[in-house]
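Quick caveat, the model's predicted, so the values are computed rather than measured. Letters go in sequence order (proteins before strands), and every chain restarts at 1.
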There are 2 protein chains.
Amino acid sequence: MEGLSISKVANEAAINIETVRYYEKRGLIPEPPRTEKGYRIYSGEYVDRIRFIKRAQELGFTLDEILQLLRISEGGHDAQIVKEFTYEKIQEIIWKIDDLLLMKNTLQKLSDECPGPGVPSSKCPIIQDLTNHK
Amino acid sequence: MEGLSISKVANEAAINIETVRYYEKRGLIPEPPRTEKGYRIYSGEYVDRIRFIKRAQELGFTLDEILQLLRISEGGHDAQIVKEFTYEKIQEIIWKIDDLLLMKNTLQKLSDECPGPGVPSSKCPIIQDLTNHK
DNA sequence: GTTGACTCTGTATCTAGGTACAGACTTTAT
DNA sequence: ATAAAGTCTGTACCTAGATACAGAGTCAAC
């Protein structure tokens with residue numbers, strides 16, 4: 001058979017079969033071609049796309065936001081719209097990176113300054129500056 | 001009255017009152033002291049803590065993970081455990097930052113190379129390399 | 001050509017994280 | 001001192017995202 005069955009693609013992308021169909025319904029992946037009898041046939045690009053979706057989720061994006069990202073990156077949009085959209089998203093990403101860096105530094109300090117075994121480490125709240133953004 | 005009422009703290013942290021109590025139940029914030037009649041009294045630190053929780057969520061951490069972060073940063077843990085925990089979390093954060101940078105760069109390119117109005121932009125899939133990580 | 005693994009559609013169920021009452025009590029402002 | 005606003009506990013309900021299942025058809029292997 002040409003291409004991947006739904007179970008193959010699900011397996012490759014480490015995702016449930018039902019979730020593949022769910023993503024299709026949500027419009028996150030395009031409707032794949034079908035066999036004579038109606039079986040879905042996928043290409044490797046679907047695997048990449050699904051992996052992207054999962055990863056973007058882990059980075060704190062909702063499925064709706066991911067859908068926007070995918071749509072805008074697929075071309076065919078007015079330049080003005082693309083500029084505005086990407087500008088917003090880039091800002092958002094920069095904030096996320098900044099906050100992750102703060103978090104990382106705090107954890108680093110926490111680890112470095114951690115006293116010997118058994119000794120209770122001093123107060124080292126991670127809360128820090130992560131509280132004043134927007 | 002000394003300190004903040006639950007509605008004040010909820011308002012400051014831009015969160016629902018019920019969610020404050022919910023976080024208490026989940027152990028994400030400590031049980032605050034009470035008045036004679038049983039009303040919760042909060043300090044400003046609670047606001048910071050809640051803001052931290054919300055932000056960490058937006059960065060893709062679950063409430064359970066956030067609970068771990070808060071617990072470990074509160075001290076009183078064995079050095080070995082702290083080292084191991086922070087090492088893992090730091091790696092995780094580094095991956096997140098890397099992927100966000102990829103995403104940001106792709107969006108940047110997408111924006112820069114975007115053709116004039118009306119012209120459909122060329123294919124510029126954001127999917128890129130976000131697919132090969134752990 | 002029958003048995004077991006896949007797939008289809010459609011509907012129902014589940015988990016995480018919140019939110020929304022209900023009914024009773026307390027505090028504040030008039 | 002009474003009405004309005006705030007709080008309490010407990011339980012029920014809600015949304016996003018994902019899974020499960022039922023009933024029917026299909027494919028592959030022996």
Side-chain angles (χ1 to χ4, degrees), chain A residues 1-43 46-47 49-71 92 130, chain B residues 1-43 46-47 49-71 92 130:
Chain A
M1 193 225 262
E2 261 329 281
L4 306 169
S5 68
I6 193 167
S7 64
K8 288 265 176 57
V9 89
N11 196 48
E12 288 285 308
I15 199 184
N16 195 304
I17 289 182
E18 329 275 333
T19 308
V20 178
R21 288 194 279 252
Y22 175 68
Y23 284 175
E24 183 182 322
K25 213 174 302 171
R26 290 281 305 245
L28 286 155
I29 53 178
E31 294 189 18
R34 305 273 189 137
T35 67
E36 282 292 305
K37 299 295 187 173
Y39 283 29
R40 291 170 179 81
I41 320 168
Y42 297 93
S43 66
Y46 279 86
V47 177
R49 189 158 174 136
I50 292 169
R51 284 188 184 149
F52 170 79
I53 294 166
K54 296 311 283 179
R55 189 56 181 154
Q57 267 187 312
E58 286 168 19
L59 298 174
F61 296 92
T62 66
L63 291 187
D64 280 342
E65 290 172 326
I66 294 166
L67 184 55
Q68 287 188 309
L69 283 169
L70 289 168
R71 287 230 173 105
E92 209 178 292
L130 280 246
Chain B
M1 193 223 264
E2 258 330 279
L4 307 168
S5 68
I6 193 168
S7 65
K8 288 266 176 56
V9 90
N11 196 49
E12 288 284 309
I15 200 184
N16 195 304
I17 289 181
E18 329 276 334
T19 308
V20 178
R21 288 194 280 252
Y22 174 68
Y23 284 175
E24 183 181 322
K25 214 174 300 172
R26 290 282 304 246
L28 287 155
I29 53 178
E31 293 189 18
R34 306 271 191 136
T35 66
E36 282 292 305
K37 299 295 186 171
Y39 282 29
R40 293 170 178 79
I41 320 168
Y42 297 93
S43 66
Y46 279 86
V47 177
R49 189 156 174 138
I50 293 169
R51 283 187 185 151
F52 169 80
I53 294 167
K54 297 310 283 178
R55 189 57 182 153
Q57 267 186 310
E58 287 169 16
L59 298 174
F61 296 93
T62 66
L63 290 187
D64 280 341
E65 290 172 326
I66 294 167
L67 183 56
Q68 288 185 309
L69 283 169
L70 289 168
R71 286 231 173 103
E92 210 178 292
L130 279 246

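Note: CG (Asp64(A)) to P (dT15(D)) measures 14 Å, nearest angstrom. Distance CG (Leu28(B)) to C1' (dA16(C)): 12 Å, rounded to an integer number of Å.
For Leu63(B), taking side-chain heavy atoms from C-beta onward, the closest of the listed nucleotides dG17(D), dG18(C), dC8(C) is dG18(C). The side chain of Ile6(A) lies closest to dT7(C), out of dG17(D), dT9(D), dT7(C). Proximity note for Ser7(B) (side chain, C-beta onward) versus dC8(C), dG18(C), dG6(D): the nearest is dG6(D). In the set dT7(C), dT11(D), dT11(C), dT11(D) carries the atom at the smallest distance from any side-chain atom of Lys25(B).
Remark: the backbone N or O of Val20(B) is not paired with any side-chain donor or acceptor of Tyr46(B) at under 3.5 angstrom.
For dT7(D), the OP1/OP2 oxygens have no side-chain nitrogen or oxygen of Arg40(B) closer than 4.0 Å. Between Ser5(B) and dT7(D), a side-chain N or O to OP1/OP2 separation shorter than 4.0 Å is present. In terms of phosphate contacts, Gln57(A) brings a side-chain nitrogen or oxygen within less than 4.0 Å of OP1 or OP2 of dA18(D).
Taking a cutoff of 4.0 Å between a charged side-chain nitrogen and a carboxylate oxygen, Glu31(A) and Arg40(A) do not qualify as a salt bridge. At a threshold of 4.0 Å, the pair Arg55(B)-Glu58(B) counts as salt-bridged, since one of the basic side-chain nitrogens sits closer than that to a carboxylate oxygen.
Taking Ser7(B) as the reference, Ser5(B) meet the side chain to side chain donor-acceptor pair (under 3.5 Å) condition, with sequence neighbours excluded. Shown here are the side chain to side chain contact (heavy atoms under 4.5 Å, CB included) partners of Arg26(B), two or more places apart in sequence or in another chain: Tyr22(B), Leu28(B), Leu63(B), Asp64(B).
Using a 4.0 Å cutoff on non-hydrogen atoms, the parts of residues 14-24 of chain B near DNA chain D are Ile17(B), Arg21(B), ordered by number.
Side-chain atoms of Ile29(A) and Ile53(A), non-hydrogen and from C-beta on, do get closer than 4.5 Å to each other.
Residues Glu36(A) and Arg26(A) both approach DNA chain D. Their nearest nucleotides, taken by heavy-atom distance, put Arg26(A) toward the 5′ side.
Using a 4.0 Å heavy-atom cutoff across all strands shown, Lys54(A) reaches sugar-phosphate atoms only and no base atom.
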